[in-house]
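All remarks here apply to the structure that follows.
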Amino acid sequence: MSTDARIEDRTGRTEHMDPLDNMEPLDSLPQDRHPSRGELWRWLLGVTRPALTALAGSTACRVVEQLAGIAMLALGAHAVASTALALAQGRAPGAIWPVLATMAALAVIKAALRYGEQFLGHMVAFKALELLREQIFTALIPRSPQVSLTMRSGDLLTRSTKDVDRIEVFFAHTIAPLACAVVLPTVVLSAIGTTVSWAVAGAAAAVLATGLIIVPLLGRAAGLAASRAAARQRARLSQHVTDTVQGMSEVVGFGRSQERVEEMGRIDAALGGAVRPAVTWAAVRRGTNHLVCLAAPIAVVALGAGHVAEGAIELPVLAAAAAAVLRLGDTVRGIEDLASAMATAQASAERVWQVVTAPTQAPEGTKDLTTGISHEILWQDVSYTYPGATRPALESVSLRAKAGQWTCLVGASGSGKTTLAQLVARFDAPTSGRIVIDGVDLGDLRSHSLYREIGLVPQHPHLFRATVAENLRLAAPSASHAELERACRAAGIHEEIEALPQGYDTLVGERGESLSGGQRQRLALARVLLARPTTLLLDEFSAHLDPQTDAAVRASVRDYLEGATIIEITHRVQWLDQADHVVVLDGGQVVQSGRPADLLEADGPLRALAARD
Ligand SMILES: Nc1ncnc2c1ncn2[C@@H]1O[C@H](COP(=O)(O)OP(=O)(O)OP(=O)(O)O)[C@@H](O)[C@H]1O
């Protein structure tokens with residue numbers, strides 16, 4: 001934790017402003033586990049299999065295009081040296097036009113291959129990125145809704161956008177340069193071996209090997225460590241910006257804009273520091289390779305000159321060989337660029353891999369619930385501790401929500417009510433004990449079957465940046481307008497929607513910001529009603545409602561979902577007489593349960609709660 005990110009609060013105490021200062025890794029990801037390079041490659045190639053044919057095509061285009069480039073340059077050097085030699089010896093130089101025609105043909109082939117390489121390369125890159133993003137979301141779905149509890153949205157955003165983008169390097173800049181690094185030197189050096197001498201080819205090979213094999217290894221470990229650190233800092237930055245934007249009114253309201261900006265500056269500085277070793281080593285590799293690329297043709301000329309003097313080879317042949325080796329410098333630089341980009345790509349690929357290979361918290365079952373009937377839910381000795389928490393949120397809770405009844409969970413803030421309901425929606429599996437629905441262990445159910453039967457209205461429902469109708473149709477895409485209206489009437493929000501500028505076609509803004517808290521909750525309730533769940537979980541759905549609306553909505557929900565099992569979390573003890581059954585929680589344990597009238601009569605926890613209201 002950095003010590004310079006302290007602020008003074010209104011009571012004069014100092015405390016840390018930014019929770020990111022002690023940003024811990026995502027709870028559910030195997031952060032410390034870095035896959036081996038082979039494992040990472042196998043995974044990437046496996047995910048992107050549909051794009052591999054185009055990748056092979058792009059690579060082939062690049063190899064042949066580069067060979068054509070080398071041939072062009074060698075041919076040109078040969079022609080120039082032949083002409084110069086003929087003139088020096090007082091002979092008439094040979095006709096130049098066949099050489100020019102061949103070079104022009106090679107140039108056209110090269111251009112066509114370049115087009116093919118670029119076209120296919122971009123196709124591969126975009127397809128690969130699409131497949132990887134798809135993998136991330138496919139991997140998150142079995143772990144949702146638990147995902148929203150444990151993952152930082154900003155970090156997840158970085159992983160699924162920036163990190164995936166950086167993996168593009170694997171496809172656009174890895175296979176082709178590697179193939180070129182194998183094929184091109186082999187072809188060129190074999191040609192030099194047969195036309196000039198194997199000694200010259202060997203000398204050039206030794207110099208080029210330095211550039212192709214040794215230089216890329218310089219600072220490799222430091223580069224990878226730097227890229228990993230930089231990726232973490234980028235995720236911090238993204239989280240910081242996400243938090244600042246989402247909490248703008250708090251930041252401005254508490255006068256903390258300056259601190260947020262300063263904190264961003266600190267993260268930026270940390271990011272700069274993190275990438276410095278990678279940048280330094282990249283510069284070292286660039287300088288060394290500059291030397292290598294020039295030393296290779298010098299070695300060819302130095303050794304080949306003796307063969308020319310002995311009359312073993314013609315000067316133009318040596319000129320062509322030197323030109324071809326000079327052109328191999330591009331291949332060496334391609335590998336060098338790859339070495340720099342690979343560290344970043346590998347660090348990003350590891351971060352994406354960590355998301356897609358993270359264990360599923362609530363594994364998929366094989367059984368289905370009977371549809372269309374209300375269900376009985378039984379919590380049997382359920383305990384639950386949040387990941388990283390030291391105290392359990394629930395301890396040995398046993399209770400029954402009878403089919404078709406309205407059960408209310410009440411208790412002080414933090415007593416475990418939400419946790420109890422969220423476990424039914426499979427946010428996570430209980431740490432011990434089990435939840436049984438109609439005699440079937442929740443863990444044995446297919447999530448599809450579970451979510452078809454149960455509906456959850458959370459304390460803070462999410463509305464998408466879409467119209468009212470689109471938000472409603474999330475639950476029932478084919479619902480008619482009349483059905484939307486019916487659900488909204490039941491949730492007590494229809495009149496207010498009609499009063500909006502475009503009625504049901506009004507945009508609700510990001511996270512429903514153009515609606516009041518109570519309107520958001522009733523819209524979320526209407527959305528769940530549309531799905532016609534046979535078990536409804538309501539978490540403080542009436543917190544923003546006035547008593548009259550509250551009573552009206554309760555009555556209409558009951559009519560709308562006739563016979564459904566309803567489990568409601570509430571602080572409003574005065575409305576409990578409408579419930580069939582009440583359960584009082586305290587400190588994660590059930591302290592009282594029974595019929596509301598009986599409990600309110602007895603001198604016990606519910607009476608104590610009611611007295612505090
Ligand atoms: N995501 C989380 N990570 C760690 N601890 C959590 C998390 N959510 C809740 N808790 C803790 O679990 C305990 C129970 O919380 P829960 O939200 O279930 O209580 P609640 O009775 O619904 O409270 P409220 O009435 O304020 O909504 C609390 O101590 C809370 O701090």
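Position 1 is the first residue of the sequence, and the numbers go up from there. Whatever order the structure lists ligands and atoms in, that order sets their numbers, starting from 1.
- For the pair Gly414 and ligand 1, the shortest N or O to N or O distance falls below 3.5 Å.
- Those atoms of ligand 1 with a heavy atom of Ala412 less than 4.0 angstrom away are 21 (O).
- Using a 4.0 Å cut-off between a side-chain N of Lys or Arg and a carboxylate O of Asp or Glu, Arg266 and Glu263 qualify as a salt bridge.
- Judged by the 6.0 Å and 45° rule, Arg446 forms no cation-pi pair with Tyr451.
- Leu472 is listed as a side-chain neighbour of Cys488, based on a closest heavy-atom distance under 4.5 Å.
- Side chain to side chain, Glu453 and Thr534 meet the donor-acceptor criterion of an N or O pair below 3.5 Å.
- Neither the backbone nor the side chain of Ala389 comes within contact range of ligand 1; no heavy atom lies under 4.0 Å.
- Contacts between Gln422 and ligand 1 below 4.0 angstrom, taking non-hydrogen atoms only, are absent altogether.
- Close approach to Thr419 involves these atoms of ligand 1, each under 4.0 Å from a residue heavy atom: 14 (C), 15 (O), 16 (P), 18 (O).
- Only side-chain heavy atoms of Gln459 come within less than 4.0 Å of ligand 1; its backbone N, CA, C and O stay farther off.
- Few gaps surround CZ on Arg473; more than 12 heavy atoms of other groups in view lie less than 6.0 Å from it.
- For ligand 1, the atoms closer than 4.0 angstrom to any heavy atom of His571 are 25 (O).
- The closest donor-acceptor contact from the side chain of Gln521 to the backbone of Glu540 lies under 3.5 Å.
- In this structure, Ser415 is part of the shell of residues with a heavy atom less than 4.0 angstrom from ligand 1.
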